[in-house]
Structure formats: structure tokens, C-alpha cells
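Taking it in order: structure first as C-alpha cells, then the write-up.
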Amino acid sequence: MTDFCGVLSLGQAAHSGELITAMAGFWNARCHDRRINYQEAGLALFHGARWTTPEACLEEQPLIDAHRGLLIFGDIRIDNRQQLASDLRLRTSSAAKITDIEMVRSAYAAWGNNCFERLEGDYCLAIFNTLSHKLLLARDHIGFKPVFYAHTKEYFAFATEAAALLELPGIRRSLDRESLQASLLSDAIPADRTYFQDLSRLPAGSVLHYSDGQQRVRRYWSFSDIEPDVQIGEQEAAEQLRQLLAEAVRVRSRCHGGLATELSGGLDSSTVTSLLALQDKTHPTRCYSLRSSSAGWDEGVYIDELAKKYPLQRTPIPADQLDYEQRFSLKTIYSHGSDWPLDLMFAPHLALADQAQQDGVRVILTGQGGDEVTQGSPRVIYDYWRSREWRNFANELAASEHKWWMLRSHLLSPILPGKLRRGLRAAMQMASGKDIGAAQLQSAAAHRPSGREDRSSSARIRHLLESEEAALWRDASVYRLYGHRGIEVRHPFYDIRVIKFCLQIDPGYHFNQGCFKQLLRKSCAGFLPDLIRLRRDKAEFDSLVLQQLAAEQEHAAIDSFEPAVLEKLFSPQVWQFRNQIHAKANWDHAEAMLEWKLRNLASWLQ
């Protein structure tokens, strides 16, 4: 795990060494095992490493390839080391000792700019050619390790945290109002933008080429590149998914220092914890769990059930007893700096990270990604209708508890998008006695879909995974702040091999008979207790939302802003809606979430 930044001077005016010193100061309080400042050929860089793999202790960055005139450095963890060693024809004896950055050098030497498609794991890296002064930045397929950049007339700068770039002269702190509005309305902003006008981010699965003052971004992979393969049977698919998940856990358990899991009691985190326990039967599996005295969202009964099957070293974090007014308030958290406004569960997660740091843990495995990758979609009913599989169509509809919702949302919606769907809604309103103009209805019905867009359930899942909302979560997740405590968080369900497999197979394996994650449930048979494997409910955190809102009420940053400033940052519609909320005695979930977003964003801005 690494913090790094670099400045490439474009002329005599910019002193890259001085600039890199200013940026590196941002990380002075971080837990680094090694810090390096380096300068060559107009490039100055800082690299602060926290060792989280056995090979990282032997790693020296930047890696200097004098023969090719290359400097290679980054935050790199390669998971398909054995496959790469075979493809690169490395000796078996040396492959086990080679560092991840040396693996990148060998891959780049063999395949050039096409090597990134073959590198599996979490990474963001830079390759600088000292002879041609060409710079390359790259991110892994999924994008859990971000890289930000800024370009002025005097230099090109990049860093693993946007806040470090704000230390540079010439970089304004001017906010990107469109991004702020988008994040409030849809939790999403374009994948190449930030909340600052002068800062950009490199999208996942992309490479940035910089030369002679010009930059070009190339997307080398996206979720839409995955081609379906429905030939495999369901039982075989369940066994393959189990093997892939076990391998994803194994490669991510390669650790220097303490290893633990985040165990909520849900299906996904319990699967990861169980697979880790099966791989190391000699020691108890360390796990951390958010707990509550409220029966509404506490999942202790499931954690206890897993502990009956595997030896677990459990550490509970009492999320409902934390000091939200002081120690874990928004004001306190943001005083330490953050690239983004945090998501809702930041305080309990930071309490978990603090405890893990005290226990000497350097790597935590989570179940994040299980919903997105293995959940499936009720839109399989559209797949069955399109392929005329009437028996499956009838069975799925019969199993649904909400048949009209199923037909409306997952059959009529993809068949009749846009104005035609709105026209039908208007017709239904008119039939119920509401006055809808005939011209309006005809105009809406005149627009029929082209039929070219892929509206299948697999396409829907691919879209959700590569959406701007998902990309922002991976960049802005509270797990990024674990790095401030010297802890790397890894997500086995986001393994690229697991993702490709789950998107290739028959989508009916994931969602079947009205139940999500059916294939995952089958793959866990035999090693996961049925109480967990077959559960369909999920914890609800509304009470925790209200508790945090109440704690922030007395010193809400949003109330310290001048009205004119707020109106400039937020649209009138958002502000009008907030005033309507405050006129009510009780808030529903959506209203509480909007108020949380506004207070959270205002605290971050302040």
C-alpha cells in the first residue's frame, strides 16, 4: 500500500523538487515503513510505502530500468502472479520472490501498453521514460486505487489523493458546482471529474499518456467487454464460483502483518470469512463486526452461528455507543482531510479501523461487491420473454410476491422506454378519471424504442457495475480512510475473474424463483451455515442515520454558511425540498438521507 505523487516540470519556471516537497508534506502523519524522494529528468516524485505483502519489504521504488530509460513506481498489488510468471516464462524459483513492481516491469517489457489488460489486482502506477520524457499513468480494471492529476502551464502533477494536489501553487480550490449537484441528486459524477475544477481523476480500466504538454486517456477495459457464455450448467457454475471465490480470498490473504475480515453476519462477508477460515485451520480467524443494542440492525445471531462452525477471534464494535458529537463527528473527521465527502457509515468504520490498527492488523478482507456481482436482477423475466422461454417466465412471475411491480419495472420498462411508457401511464391515469390531454398522449405514444439497446438483465448489471455512481463509491468509499491508519482493504468479490464469470453465465442462475444470489447460495452449500446461506433479509440502518443526524444537530456546519453561498452551491430545488423537510416532525428514509447528504457535504466544504 502506497501514497505517491509526482511533478513533471514543463519549463524552467517550475522547480519540481520544491513542489514535490509541498505535496509530500500532506502525508507527514501517515504510517509509512519507507519514504523516498527522487528526482530525474525533470520529474520529481514522493513515494511513501506501507508494507502489506511479504514481497513489499524487498521492493525499492522507483524501479529504475536503465537499459530502457524507465522509472516505474506506484501503489501495486498483483494477484495473478503465478499466471504472469508462466506467461512471461519466469523461473519458478525466482517467481515466488519477485516483487509486484518487478512483475509490472517484465509485463511492460513483453507486452508494452497492452500489459495492463493482463495485470489482475489493485493498482495505480506511473511509468516515466527519461529519454523521451513521456509519462504514463494506469489504473486497474475495477479501480480501487485512485490517481488524480492536474495540468498547468508550468507542470503536470499527479497523486493518489486529490488533497495533496491542492498543496501546489497554481491549483485553485474552486469547486465544480455541476459535480456537487450531481452527487446530491444521483450519488454520481462523471468518472474523470472531481469536486474541484482544476483536478481530474483517471477512470478505472484506463491509461493516461502525457507528452509534450498533451494528454490522452485510453480505456483499455470496461464491463461491457465481457461476452456472455451460457453453455455451462448451473451445478458446474456453482462449483466454479466457489473455486473462484476461494482463489480470490487466497490471493488477497497474501499479507505482511496482521490479517482480518470485516464480518457483518450477512451472506457476503460470512462467505469471505468462511473461505479464509478454511484456508488456515491452524489459527483462529480474526474478524471485526459492527454491533448494536438495537435489534433492528444487529446481526449478532448470524455471527454467533458462524462462530459455532469456525474458530473466530471476534472483536465487536458498538456502533450505537460511539461518540458522534466529538470524536466521530463530521467536523473532527474532516479536520484530518479527505478527498471526498464520506458515506453514511464512516464513523463506525473508523472506529473499526482504529481498533484494527491497535491490534497490528495491516489487511482487512470484506464482503463488499457481493451484491453488485452475484445478486442478479429480476429483469430475467424480460430475458425469458425475449427468448420465449414461457415456462421460466411463468414460474418466475408466479414466485414473485409483487407481480405487478415485476411486470411494470422489469418487463414493460425495458420494452416500452421513454415517452411511450409515460404515454401508457397517462392513459391509465385518464382511465382512472384524471384529465389527460389526448394530444399529449398521442405525442408520447408516437416515440417507439429503436430496439438496438441491450436491455437484458446481464446488460443491466454491467451498467450498474460501471456506472458513475459505482465508480464514485470505489473512489470515495470510507475504506479509503483505512489507509490513513495504515490498513489496506481488499474485496474478493471484486476480483476481475469472479466478475467476468458472474457476468458471462446464465443470469437466471443468480436470480431465480424470486430470490437474489441463488448461485452464490448454492456455491456455499456445505461450508456456510444454512441460517446464513438461506437468509433473505438485510440489516436496516435507519436508526443509526437518525442517531448521527441528532448528534450533528447542535453544530451542523450547514447552518454556519451564508444563505447566498448555499444557494450558489446547491440548486433552488434542492434547497426548497430541504425547507419542506424541516417543516415536518418526522422524516422518512429518503428525507433523512437528503438531510445527511447536505450536512455531510457542508462539513466537508467547510
Side-chain angles (χ1 to χ4, degrees), residues 1-7 16-40 43-64 71-78 99-102 104 121-126 128 137 139-140 144-149 157-168 252 254-260 333 335-340 349-350 352-364 475 477-490:
M1 184 177 68
T2 297
D3 299 310
F4 72 84
C5 59
V7 177
S16 56
E18 296 177 6
L19 297 178
I20 208 68
T21 300
M23 294 175 70
F26 174 78
W27 289 296
N28 281 341
R30 295 292 171 82
C31 304
H32 291 142
D33 294 311
R34 178 185 293 149
R35 289 168 176 254
I36 294 176
N37 284 63
Y38 185 89
Q39 294 186 57
E40 183 175 349
L43 176 72
L45 64 92
F46 165 80
H47 185 273
R50 173 74 165 171
W51 298 328
T52 56
T53 65
E55 299 80 15
C57 307
L58 308 173
E59 197 169 76
E60 292 188 6
Q61 294 204 35
L63 186 150
I64 303 173
L71 299 179
I72 305 175
F73 54 99
D75 186 5
I76 305 167
R77 193 196 73 251
I78 302 300
T99 64
D100 287 337
I101 197 166
E102 289 172 333
V104 170
D122 298 340
Y123 64 84
C124 60
L125 59 86
F128 180 61
L137 303 177
R139 280 185 83 181
D140 65 78
F144 271 106
K145 293 185 181 292
V147 62
F148 305 90
Y149 60 93
F158 53 94
T160 51
E161 293 195 46
L165 292 167
L166 296 177
E167 302 294 326
L168 292 173
R252 282 166 178 76
R254 182 169 61 103
C255 177
H256 173 82
L259 173 67
I333 296 303
S335 68
H336 300 296
S338 176
D339 290 341
W340 309 91
H349 276 288
L350 290 181
L352 190 157
D354 286 343
Q355 184 60 55
Q357 182 187 32
Q358 294 177 24
D359 296 339
V361 170
R362 293 206 175 197
V363 173
I364 291 181
D475 280 344
S477 166
V478 68
Y479 292 116
R480 289 287 303 155
L481 292 189
Y482 278 51
H484 294 198
R485 274 85 175 153
I487 299 173
E488 182 175 73
V489 181
R490 303 172 184 173

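We count residues from 1, following the sequence as given. Owing to the predicted nature of the structure, the values given are computational and were not obtained by experimental measurement. No hydrogens, no waters, no symmetry mates; every other heavy atom, side chains included, goes into these values.
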Nearest heavy-atom neighbours spanning [X] and [Y]:
{"X": "Gly483", "Y": "Arg30", "result": "O-CD, 4.4 Å"}
{"X": "Leu45", "Y": "Phe73", "result": "CD2-CE2, 3.4 Å"}
{"X": "Arg34", "Y": "Cys57", "result": "NH2-O, 3.6 Å"}
{"X": "Leu137", "Y": "Ala126", "result": "CD2-CB, 3.6 Å"}
{"X": "Val363", "Y": "Ile487", "result": "N-CG2, 4.4 Å"}

Sub-3.5 Å donor-acceptor pair from the side chain of [X] to the main-chain atoms of [Y], do we have one?
{"X": "Asp33", "Y": "Trp51", "value": "yes"}
{"X": "Glu167", "Y": "Ala164", "value": "no"}
{"X": "Asp75", "Y": "Thr2", "value": "yes"}

Beyond-backbone contact of [X] with [Y], side-chain heavy atoms, under 4.5 angstrom:
{"X": "Leu71", "Y": "Leu63", "value": "no"}
{"X": "Pro62", "Y": "Glu40", "value": "no"}
{"X": "Gln357", "Y": "Tyr482", "value": "no"}
{"X": "Arg35", "Y": "Phe46", "value": "yes"}

Will you find, in the side chains of Asp354 and Gln358, an N or O donor that is under 3.5 Å from an N or O acceptor?
no
Is a side-chain donor-acceptor pair under 3.5 Å present for Glu59 with Gln61?
yes
What's the separation between atom [atom1] in [X] and atom [atom2] in [Y], rounded to the nearest 0.5 Å?
{"X": "Leu165", "Y": "Phe148", "atom1": "CG", "atom2": "CZ", "answer": "8.5 Å"}
{"X": "Thr160", "Y": "Asp3", "atom1": "OG1", "atom2": "CG", "answer": "4.5 Å"}
{"X": "Glu60", "Y": "Ile36", "atom1": "CD", "atom2": "CD1", "answer": "7.0 Å"}

Quiz: residues 18-27 side-chain donor-acceptor pairs under 3.5 angstrom, not counting sequence neighbours:
residue, atom, partner, partner atom, Å
Thr21, OG1, Gly17, O, 3.0
Trp27, NE1, Glu161, OE2, 3.3

Any idea how Phe4 and His47 line up, ring-wise: parallel (<30°), tilted (30 to 60°), or perpendicular (>60°)?
parallel
Would Arg254 and Asp100 pass as an ion pair if we require N to O under 4.0 Å?
yes
Check Arg362, Arg252, Arg50, Lys145 against Glu488 for a salt bridge (Lys or Arg N to Asp or Glu O under 4.0 Å) and give me the one that passes.
Lys145
The single option from Met1, Glu55, Arg490 passing side-chain contact (heavy atoms from CB on, under 4.5 Å) against Arg77
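So the option named by the test is Arg490.
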Residues which pass ring-ring contact (aromatic ring centres under 6.0 Å, His included) with Phe144, listed by chain and number, not counting sequence neighbours
His491, Tyr494
Counting only heavy atoms from other residues, nucleotides and ligands, does the tally under 6.0 Å from CD of Gln39 exceed 12?
yes
